[in-house]
Structure formats: structure tokens, C-alpha cells
Number of protein chains: 2
Amino acid sequence: MKKTRDIKSIEQALVAFYRSSKRMPTYTEMMDLFEVRSKSVVSYWIDKLIEKGILEKDTQGFLKLSGISFGIPLVGNVAAGLPVSAEENIRDVVSMDEYLVAKPDSSFLLRVTGDSMIGAGIIEGDLVIVERGRTPKNGDIVLAEVDGQWTMKYFRRQGRGVVLEAANPAYPLIHPEEELKIGGVITASVRKYLM
Amino acid sequence: MKKTRDIKSIEQALVAFYRSSKRMPTYTEMMDLFEVRSKSVVSYWIDKLIEKGILEKDTQGFLKLSGISFGIPLVGNVAAGLPVSAEENIRDVVSMDEYLVAKPDSSFLLRVTGDSMIGAGIIEGDLVIVERGRTPKNGDIVLAEVDGQWTMKYFRRQGRGVVLEAANPAYPLIHPEEELKIGGVITASVRKYLM
DNA sequence: TCTTATATAGAACGTACGTTCTAATGTCAA
DNA sequence: TTGACATTAGAACGTACGTTCTATATAAGA
């Protein structure tokens with residue numbers, strides 16, 4: 001009954017190490033992690049993890065956590081039961097960075113102030129991810145300069161021109177003059193409730 | 001004017017490599033990345049990046065991207081001007097995974113169906129991050145089982161008992177009987193508009 | 001009990017890693 | 001042009017890496 005060393009605990013140790021160190025441990029470091037005294041034992045378990053598909057070796061032979069272990073699981077549907085012991089009923093596993101930010105080089109975060117987009121479910125305090133240099137399509141939410149102020153608005157084509165509309169009836173429609181300044185297109189929004 | 005190799009381009013190359021490979025390149029691999037023919041040149045530039053604080057070496061001497069390069073920048077306030085060339089007006093840099101998911105081991109993602117929490121800015125299609133095993137505080141949003149169905153509700157203490165309230169007047173208050181089943185507490189929500 | 005499979009330990013080995021040295025080349029200002 | 005400095009190239013070196021081997025201990029089954 002007392003097995004301190006099984007595949008799952010080793011996987012967890014590796015994931016924890018990678019999360020805090022941003023790299024995989026060396027075999028010598030794994031000796032401490034797994035609480036064994038020989039590198040050959042490490043090799044023994046690593047081989048098992050590779051067989052299970054939890055680990056991979058890339059083209060250069062370096063160890064790599066294969067997606068499954070990284071990121072957090074996306075549950076299929078709750079009706080089928082909650083993931084009590086993980087493993088079950090999991091549709092996919094995603095990294096938030098990869099899921100939310102397609103172009104990290106040209107994106108930035110912005111904290112939302114005001115209630116102009118409340119109708120779209122974007123409320124004060126949210127963070128929005130803005131992608132620079134992207135040409136907005138009809139219906140996209142954009143960060144635009146109106147009267148010297150940067151605000152978020154729906155971008156709507158109307159005939160030959162463009163209208164900026166807030167997701168809040170309290171705000172007027174904006175018919176921008178020439179040279180509409182677009183700071184970027186909102187590609188995602190996130191909100192944190194608890195630490 | 002034509003400098004193919006400067007600190008910024010090297011940093012970008014390293015970040016790109018790390019993003020796709022989940023590890024730092026070896027010096028030999030960097031020869032290709034930087035388009036130089038000697039490892040000593042790689043070492044020469046790496047030292048520069050370390051001086052600038054873009055790279056670090058951890059206790060074991062392994063290269064590591066120091067936060068600044070990783071994650072995406074959080075802009076202070078838009079009024080001060082947009083980050084045209086990055087670098088300016090940046091308050092912080094965050095990784096979405098670290099920012100949103102405090103306890104990756106006990107968290108999972110769930111896609112929202114229905115409009116029961118629309119008043120809280122959580123709409124159909126959003127992803128919520130649920131933390132298992134956390135005891136909900138008054139006002140938290142929880143994933144609870146009501147009549148055999150898992151739904152999201154505000155968790156409110158009322159005298160000795162508990163009330164579950166939707167963020168939508170169309171839904172009735174729930175006064176759970178004994179044994180209220182809590183699947184977890186919602187710690188964050190995310191929404192993706194564009195790919 | 002004996003037998004087999006599983007798990008651990010230690011040591012030895014080849015190699016690729018990062019470091020460091022010398023030298024040559026390019027760039028820019030005086 | 002000359003000199004100072006920045007950048008590149010190549011080679012040599014020590015070391016720590018991951019691999020592999022043998023041997024022993026532990027657990028499970030017959």
C-alpha cells in the first residue's frame with residue numbers, strides 16, 4: 001500500500017519542477033526529486049514515463065513534458081460528472097498563454113476602466129488582450145482614440161464609413177472623422193476573482 | 001544601418017525558440033539561431049544579454065529567460081500613450097498561466113453554458129477556471145449541484161444556512177437541503193474573441 | 001518454499017555541453 | 001592613416017550530462 005514512487009507522483013514532481021524552474025531537471029537533480037540514489041533508477045522511471053506518453057524526447061534528445069501534463073484540463077461536460085481524481089472526462093488540456101495569446105510579440109494587456117462594454121460582458125477591472133496592427137473586421141471590439149481618449153468600442157462598417165458603438169446604450173454612437181486611430185483589436189478578455 | 005545581430009533580435013530569437021521548444025537552446029543551436037559560426041560568438045552575445053538582465057543563469061548555471069522577456073506586457077494606462085514600440089509605459093509583464101491559475105494541480109477548465117451568471121459578466125461560451133477543494137467564502141461564485149445538475153451560482157451565507165443565487169433575476173433562489181455538493185470555486189474566467 | 005518480475009544501487013563510459021583562449025577581421029573616430 | 005574598440009572565428013579543454021552495464025534487494029505468484 002505504501003508506494004512513494006509511482007508514475008503519477010513522478011509526473012507531478014516533474015511538472016512542479018518545470019513550473020518553478022522553467023526547464024526540465026537533470027538526471028542528477030531527479031535523484032533528489034524522486035528520492036533515489038542512482039541515476040540509473042532515474043533512467044528506469046523516465047523510460048516508463050516515456051512509454052506512457054507523459055514524456056517525450058525531442059529531436060536533440062532532450063526531455064520534454066508532452067502537452068498532457070502541462071496546462072490544465074478542460075472538462076468535457078459537467079453533466080458527465082466532475083473530474084474528481086482528474087484523468088476522467090477530460091476533453092483537452094490547454095495552456096492559458098497559448099490559448100489566449102496568438103501573437104505574443106504584438107499583443108499587450110490593458111486593464112478595463114469604465115462600463116462602456118458592459119453589454120459584451122467586459123466589466124471594470126477585467127484585463128483585455130489587445131493585438132496591435134491587426135485590421136479590424138466588422139463587429140470586432142477595438143481600442144480606438146475618440147476625442148483624444150482611448151476607449152473600447154464595437155467596430156462597425158456602415159456603407160462607406162465606420163461607426164464606433166459602445167456595448168452600453170448610455171454611450172452615444174461615434175462617427176469618426178478622418179484618420180480613425182485604432183490602437184488594436186481585442187482578441188480576448190480575462191477576469192480574476194480569487195487569488 | 002544594417003545590423004542583423006543586435007540584442008533585441010537575439011532576445012526575440014531566444015523567446016521564439018523557448019516558446020516553440022519549451023526549453024532554451026544549446027550554444028550549438030544558437031549558432032544557427034544567431035547565424036554565427038562559432039560558439040564563442042554565442043557566448044559573447046549571451047554575456048551581453050545577461051548584463052542587460054534579459055537572461056539569467058540559475059543556480060545550476062542553466063540559461064533562463066528572466067520574466068521580462070516572457071509573458072506579455074501590461075500597459076500602465078492608455079492615456080499615457082500606447083506601447084508603439086513596446087518598452088515604454090509598461091507596468092508589468094505577466095504570464096497568463098501564472099496569473100490566472102494559482103493551483104494548477106487542483107484546477108480545471110469548464111465551458112459555460114446558459115446565462116445564469118450573465119449579471120456577473122460571465123456569458124455562454126466563456127471558460128471558467130474552477131478550483132477544487134476550496135471552501136467558498138460568502139459572495140464567491142461556486143460550481144454546485146442543484147437537482148442533479150451542475151450550475152454556477154453565487155454562494156451566500158444566510159444566518160445558519162446557505163443560499164445559492166444566480167446572477168440573473170430569471171432564476172430562482174436556491175435553498176439547498178442538507179449535503180450541498182460543491183464542485184469547486186470559480187477563480188477566474190476567460191473569453192476569446194479572435195483566433 | 002522456489003521462481004519470476006520489479007525496483008534499486010553503484011560504477012564506468014562516451015559524448016556534447018559551456019567555457020576560455022588566441023587571433024583575425026570589421027567599424028568608427030580622431 | 002592610425003589607433004581603439006567591437007565583433008567574429010576557430011580550436012582546445014574540463015566537466016557534467018545521459019546512457020548502459022552488472023549486481024543486489026524487494027515484492028508477487030505458483
Side-chain angles (χ1 to χ4, degrees), chain A residues 1-70, chain B residues 1-70:
Chain A
M1 281 301 115
K2 52 181 310 194
K3 292 192 75 177
T4 51
R5 240 182 318 288
D6 57 358
I7 293 195
K8 192 154 297 180
S9 69
I10 288 182
E11 175 183 1
Q12 287 173 358
L14 290 176
V15 172
F17 187 98
Y18 185 85
R19 282 217 167 90
S20 73
S21 301
K22 311 284 191 201
R23 66 172 173 86
M24 292 300 282
T26 66
Y27 278 49
T28 311
E29 288 170 320
M30 292 188 217
M31 285 171 56
D32 289 341
L33 281 180
F34 305 167
E35 291 178 313
V36 296
R37 322 242 295 264
S38 171
K39 283 197 288 182
S40 65
V41 182
V42 173
S43 175
Y44 174 81
W45 284 101
I46 291 299
D47 287 347
K48 288 203 165 190
L49 288 247
I50 292 175
E51 262 183 36
K52 287 266 180 178
I54 298 171
L55 287 178
E56 303 171 9
K57 292 196 182 181
D58 61 18
T59 47
Q60 292 273 339
F62 289 102
L63 283 179
K64 190 180 149 190
L65 285 169
S66 47
I68 311 162
S69 316
F70 208 48
Chain B
M1 283 302 115
K2 51 181 313 196
K3 292 190 75 177
T4 51
R5 239 183 319 288
D6 58 0
I7 292 196
K8 190 153 297 180
S9 70
I10 287 181
E11 176 184 0
Q12 287 174 359
L14 289 176
V15 171
F17 187 98
Y18 185 84
R19 282 218 168 88
S20 74
S21 302
K22 311 285 190 199
R23 65 169 173 89
M24 293 298 284
T26 66
Y27 279 48
T28 311
E29 288 171 321
M30 293 189 216
M31 284 172 55
D32 288 341
L33 282 181
F34 306 166
E35 292 178 315
V36 296
R37 322 243 291 265
S38 171
K39 283 197 287 182
S40 65
V41 181
V42 173
S43 175
Y44 174 82
W45 284 100
I46 291 298
D47 286 348
K48 289 204 165 189
L49 289 247
I50 291 175
E51 263 184 35
K52 287 267 182 181
I54 298 170
L55 286 178
E56 303 171 10
K57 292 198 181 178
D58 62 17
T59 49
Q60 292 272 340
F62 290 102
L63 283 180
K64 190 181 150 191
L65 286 170
S66 47
I68 310 162
S69 316
F70 209 47

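Note that these values count all heavy atoms, side chains included, but never hydrogens, waters or copies made by symmetry.
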If I take atom [atom1] in residue [X] and atom [atom2] in nucleotide [N], what distance separates them, rounded to the nearest angstrom?
X	N	atom1	atom2	answer
A:Met30	C:dA7	CE	P	18 Å
A:Tyr44	D:dT22	OH	P	18 Å
B:Trp45	D:dA9	CH2	C1'	15 Å
B:Phe34	C:dG18	CZ	P	11 Å
B:Glu51	D:dA6	CD	P	11 Å
B:Tyr27	D:dG14	OH	P	19 Å
B:Arg23	C:dC17	CZ	C1'	12 Å
A:Asp47	C:dA7	CG	P	13 Å

Q: Indicate, yes or no, whether a donor-acceptor pair under 3.5 Å links the base of D:dG10 to the side chain of B:Ser40.
A: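 When only heavy-atom distances are counted, B:Ser40 does reach the base of D:dG10 through a donor-acceptor pair under 3.5 Å.
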
Would you call [X] and [Y] a side-chain contact if the rule is heavy atoms closer than 4.5 Å?
X	Y	result
A:Leu63	A:Met30	yes
B:Glu35	B:Arg5	yes
B:Lys48	B:Ile10	no

Q: Assess whether side chain to side chain contact (heavy atoms under 4.5 Å, CB included) is satisfied between B:Leu49 and B:Glu11, documenting all intermediate values.
A: CA-CA 8 Å; B:Leu49 289 247; B:Glu11 176 184 0; 4.1 Å; yes

Q. Which nucleotide in the list D:dG10, C:dG10, C:dG18 gets nearest to the side chain of A:Ser38?
A.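 Of all the options, the side chain of A:Ser38 is nearest to C:dG10.
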
Q.
If you only use heavy atoms from C-beta on, which nucleotide in D:dA9, D:dT7, C:dC17 is closest to the side chain of B:Val41?
A.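 Given the options D:dA9, D:dT7, C:dC17, the side chain of B:Val41 is closest to D:dA9.
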
(Q) Regarding B:Ser43, tell me which of base, sugar-phosphate or nothing describes its non-hydrogen contacts under 4.0 Å with the strands shown. (A) base

Indicate whether OP1 or OP2 belonging to [N] is found under 4.0 Å from a side-chain N or O atom of [X].
X	N	answer
A:Lys39	C:dA11	no
A:Lys48	C:dA7	yes
A:Arg5	C:dT6	no

Q. Between A:Lys22 and B:Glu56, is the closest basic N to carboxylate O distance under 4.0 Å?
A. no

